[in-house]
Amino acid sequence: MKKQLKKLGVLTSGGDAPGMNAAIRAIVRSAVYNGLEVTGIHRGYTGLINGEFQKFNGRSVANIIQKGGTILETSRCNDMFTVEGRKKAIDALKAEGIGGCIVIGGNGSFRAATAMSEESDVAFIGVPGTIDNDIWGTDYTIGFNTAVNTALDAIDRIRDTASAFERIFFVEVMGRKSGFLAITVGLAGGAEQIIIPEIKMDIEDLCQNLRESFKRGKTSSIIVVAEGNTMEGTINIAKYVEMRLKVESRLCTLGHIQRGGSPTARDRILASFLGIAAVEGLLNGKNGTSVGEINGALVYTPFKDTWEKKKEIDERYLKYMPILSL
Ligand code: F6P
């Protein structure tokens, strides 16, 4: 007979993303609304193993919807790669009486949750939260929209100084092994070129494209580079282009600036919808799945698909970039 869920736990894991707090808030309030007890687990899986629990009620999550980061804090926990580590985590959940656990995080966090849902009778549901947007089973992950807008603001500022000095600017954005951030920010920021891991680019072609753009009268350029590009590292790309084109360039790595800040309305709403869907999923007996939104509809996707399948970049970005950067 199926056990009735009385208490759920919620944790955030891996890289924080703006909107995680909105998701925590939605989960806690939806749990309370449905008559469940809810425990906040601090510092991700590390805190779970150490039993860093806090009893939550509706008021515990007041005034957090607008905050970046995560009030639960987060960690990257190597213990989750071992059966022993995961057993400690499961034992901690059971000792606390938690029958269902909601993990807000990215690929790595979902892998650990997949294993624990198979190795125990605790139910696990994932809420996709990462600025990388590299999770299958949802059009957008929580935090992506905010990170795009933060990076875009930086690029708009860089554009001012790039044109003032007639320089080439290389702007490196995050995204781990995926180019979603770069391609979105690049198109919206009017970049001349975008370098992403999904598309192999020859450095001589890059130089040639830049030469042609100067011939067309451009005096400055912005090249958005995804950190996971398969070329020789952004600094080396910049140096090579300087050498070949005899121009001055600058490199700006946006780094963790992209991860912080108040979430956009879009991220807050996505996080709220997905948080509620995660609680409802647990109440309806779902386990080993992630929640997501595809074409505006709520979907539950088996954990394995979320990290085994590769979300494709919308081909319009690639097709239209050369036209838009003429
Ligand atoms: O996954 C989110 C992310 O910000 C990636 O874009 C980036 O590669 C990574 O995390 C950075 O991780 P850390 O904060 O551990 O340096």
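Order of appearance sets the numbers: ligands from 1, and atoms from 1 within every ligand. This one's a predicted model, so the numbers in the text were calculated from it and none came from an experiment.
No heavy atom of Gln258 sits closer than 4.0 Å to any atom of ligand 1.
Other residues, nucleotides and ligands place more than 12 heavy atoms under 6.0 Å from the CZ atom of Phe53.
Within the structure, no pair that satisfies the ring-ring contact (aromatic ring centres under 6.0 Å, His included) test touches residues 146-198, not counting sequence neighbours. The list of ring-ring contact (aromatic ring centres under 6.0 Å, His included) pairs with a residue in residues 98-137, not counting sequence neighbours, reads Phe110-Phe303.
Across Arg76, His256, Glu227, heavy-atom proximity to atom 15 (O) of ligand 1 is greatest for Arg76.
Looking at ligand 1, you'll find an N or O of Gly175 within less than 3.5 Å of one of its N or O atoms.
Side chain of Asn21 to backbone of Lys67: a donor-acceptor contact under 3.5 angstrom is found.
If you check which protein heavy atom lies closest to atom 11 (C) of ligand 1, you get Arg259 NH1, 3.6 Å. In terms of protein heavy-atom proximity, atom 9 (C) of ligand 1 is nearest to Arg176 NH2, 3.6 Å. Annotation: atom 6 (O) of ligand 1 to nearest protein heavy atom, Asp132 OD1, 2.7 Å.
Between Arg268 and Thr146, the side chains place no donor N or O within less than 3.5 Å of an acceptor N or O (distance only, hydrogens not considered).
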